[in-house]
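Inspection log for the structure reproduced underneath, given as structure tokens.
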There are 2 protein chains.
Amino acid sequence: MTVTESRTEHHVDTREALLDAAEALFSEHGIQASSLRMITHQAGANLAAVHYHFGSKEGLVRAVFARRLQPLQEERFRLLEACDLSGGVEGKGVEQVIHAFVAPLIRRMRETPDGAHAFAQLMGRVFSEPSEDVRSMLIQELKPSADRFVDALRQLLPHLADKELMWRFQFLAGGMGHTVSCQKMVARFSEGVCGGDPDEMLRYLVTFMASGLRAPATAEPDLQGEPA
Amino acid sequence: MTVTESRTEHHVDTREALLDAAEALFSEHGIQASSLRMITHQAGANLAAVHYHFGSKEGLVRAVFARRLQPLQEERFRLLEACDLSGGVEGKGVEQVIHAFVAPLIRRMRETPDGAHAFAQLMGRVFSEPSEDVRSMLIQELKPSADRFVDALRQLLPHLADKELMWRFQFLAGGMGHTVSCQKMVARFSEGVCGGDPDEMLRYLVTFMASGLRAPATAEPDLQGEPA
DNA sequence: GTCTATATAGCGATAGAC
DNA sequence: GTCTATCGCTATATAGAC
């Protein structure tokens with residue numbers, strides 16, 4: 001009740017309240033562990049309201065993602081189009097593309113702590129989501145964006161074979177996803193040192209990932225330095 | 001039944017069969033979504049066997065992790081001790097430390113496809129596990145290892161402030177965790193290009209992460225290159 | 001559109017026979 | 001050490017009054 005806040009009179013919009021409550025609870029406890037009873041209670045709505053507005057729990061899950069993912073992707077595209085890809089591996093384009101990919105998520109974490117922040121945490125987590133429904137929805141929603149970013153990186157890093165290029169994009173996405181979705185764990189592992197400021201994290205992340213992306217192509221096996 | 005296979009006569013070891021089944025189901029569907037009924041059915045055991053052997057579902061979860069985590073950590077430590085930390089940022093120590101951290105997981109994925117492979121997937125996923133029980137067990141189990149790796153990196157990268165060093169370790173851990181736990185998603189995003197060979201992934205990962213770790217320290221804000 | 005009441009099913013856990 | 005039977009609880013979903 002206190003968490004959602006919005007409805008002081010009675011209900012501003014039950015549908016939105018349900019989405020807010022579901023987002024917060026999904027990110028806090030996971031999708032599976034968030035019951036419709038918890039969600040409707042936190043939203044100040046009736047249990048049956050979920051089925052009226054979204055048809056099922058699955059429909060609610062889809063709606064929670066769609067609401068945030070579309071504007072996020074649009075912002076990523078806008079930033080990507082503003083990147084200067086002409087400088088190649090030595091130009092600032094590498095940093096710019098990473099920034100375009102990560103910053104929209106970080107910005108939302110900073111600006112709406114109890115909305116997008118929860119969503120960012122959920123986004124990172126949901127990649128290892130066991131439900132095939134959620135998985136295929138994510139692919140459908142994110143694949144076009146991922147492809148465009150890989151295309152941009154291909155222009156910047158033409159010396160890389162496609163396979164290595166795609167792996168590097170995965171390392172970038174994974175590093176971002178981990179730090180965003182596992183913030184509590186990260187903070188506990190670093191004893192609080194890596195808590196707090198998302199913008200600081202973003203700067204460190206851009207430095208690290210840009211250097212990783214710029215690395216020379218990996219040589220064929222046996223040149224690999226393995227201890228002992 | 002067909003999955004676990006082992007017990008053709010009647011039961012080789014119910015306890016082990018339960019651990020195997022739990023590991024497989026946890027990694028496939030998540031911990032919360034794997035019921036004791038599913039687990040005991042797959043293990044060819046009785047529902048009550050879980051409570052006899054492990055006391056509760058929570059006890060079973062702990063046992064699943066403990067069985068794999070202890071030998072994994074020991075191998076990491078052995079490899080870490082063999083690393084040459086004297087060469088600083090320019091030496092091969094950076095690659096060696098990354099390798100020591102990641103390779104034990106990869107090796108298990110390669111060698112026991114239906115055991116450690118499932119566990120590796122579970123390991124990556126469980127970092128965003130909502131259950132506080134699981135979270136604190138993971139911290140307890142992994143923190144000493146993480147600290148020793150951060151110490152090694154500190155020796156190799158003395159020019160980095162501690163905060164940035166720890167963030168870089170998190171980016172490394174996140175990139176590894178993502179690629180290991182989200183293999184199916186990674187393969188689908190790359191349309192199969194990034195599937196298959198774990199050793200190839202390991203080589204690419206070492207190249208990428210070593211370059212990221214070696215990056216010069218991040219400058220204070222406003223020097224950051226941001227698009228438009 | 002929102003409510004109460006309920007149907008149907010699955011959950012973790014336990015008692016007690018064997 | 002393994003079994004059956006069952007308790008107490010919660011889940012999603014739906015029917016029907018308002």
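Only this structure's heavy atoms are used, side chains among them; waters, hydrogens and symmetry mates stay out. First the proteins, then the strands, lettered A, B, ... as listed; each starts at 1.
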Is there a salt bridge (charged side-chain N to carboxylate O under 4.0 Å, His left out) between B:K163 and A:E191 once you walk through the steps? CA-CA 11 Å; B:K163 186 185 277 189; A:E191 285 160 21; over 6 Å; no
To the nearest 10 degrees, the angle between the two end axes of the helix from C:dG1-D:dC18 to C:dC18-D:dG1 (five pairs per end) comes to 0°
Is there a side-chain polar atom (N or O) of [X] under 4.0 Å from OP1 or OP2 of [N]?
X     : N      : result
B:N46 : D:dT4  : yes
A:S35 : D:dT10 : no
B:T14 : D:dT2  : yes
A:Y52 : C:dG1  : yes

Interatomic distance where [atom1] belongs to [X] and [atom2] belongs to [N] [whole Å]:
X     : N      : atom1 : atom2 : result
B:K57 : C:dA13 : NZ    : P     : 8 Å
B:L47 : C:dG12 : CG    : C1'   : 8 Å
B:E58 : C:dA13 : CD    : P     : 9 Å
B:I31 : C:dG12 : CD1   : C1'   : 16 Å
A:L36 : C:dT6  : CG    : C1'   : 16 Å
B:Q32 : D:dA11 : CD    : P     : 10 Å
B:F54 : D:dG1  : CZ    : P     : 12 Å
A:H51 : D:dA13 : NE2   : P     : 4 Å

Has the side chain of B:K57 got a donor or acceptor atom that lies under 3.5 Å from a matching backbone atom of B:I31?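 Present.
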Please confirm whether any donor atom in the side chain of B:R37 sits under 3.5 Å from an acceptor in the base of C:dG10, or the reverse. no
Measure from the side-chain heavy atoms of A:A48 and tell me the nearest of D:dT14, C:dA13, D:dT2. D:dT14
Does A:R168 make a cation-pi contact with B:Y204, if we ask for NZ or CZ under 6.0 Å from the ring centre and within 45° of the axis?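 A:R168 over B:Y204 ring: no.
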Any side-chain heavy-atom pair of A:F26 and A:F119 under 4.5 Å: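 No, their side chains stay 4.5 Å or more apart.
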Within the structure provided, determine whether A:M123 and A:L142 are in side-chain contact (heavy-atom separation under 4.5 Å). yes
How are the rings of A:F169 and A:F149 set relative to one another: parallel (under 30°), tilted (30 to 60°) or perpendicular (over 60°)? parallel
Chi angles and distances behind the side-chain hydrogen bond (donor to acceptor under 3.5 Å, both in side chains) call for A:S190, B:Q170: CA-CA 9 Å; A:S190 65; B:Q170 292 298 335; 5.6 Å; no
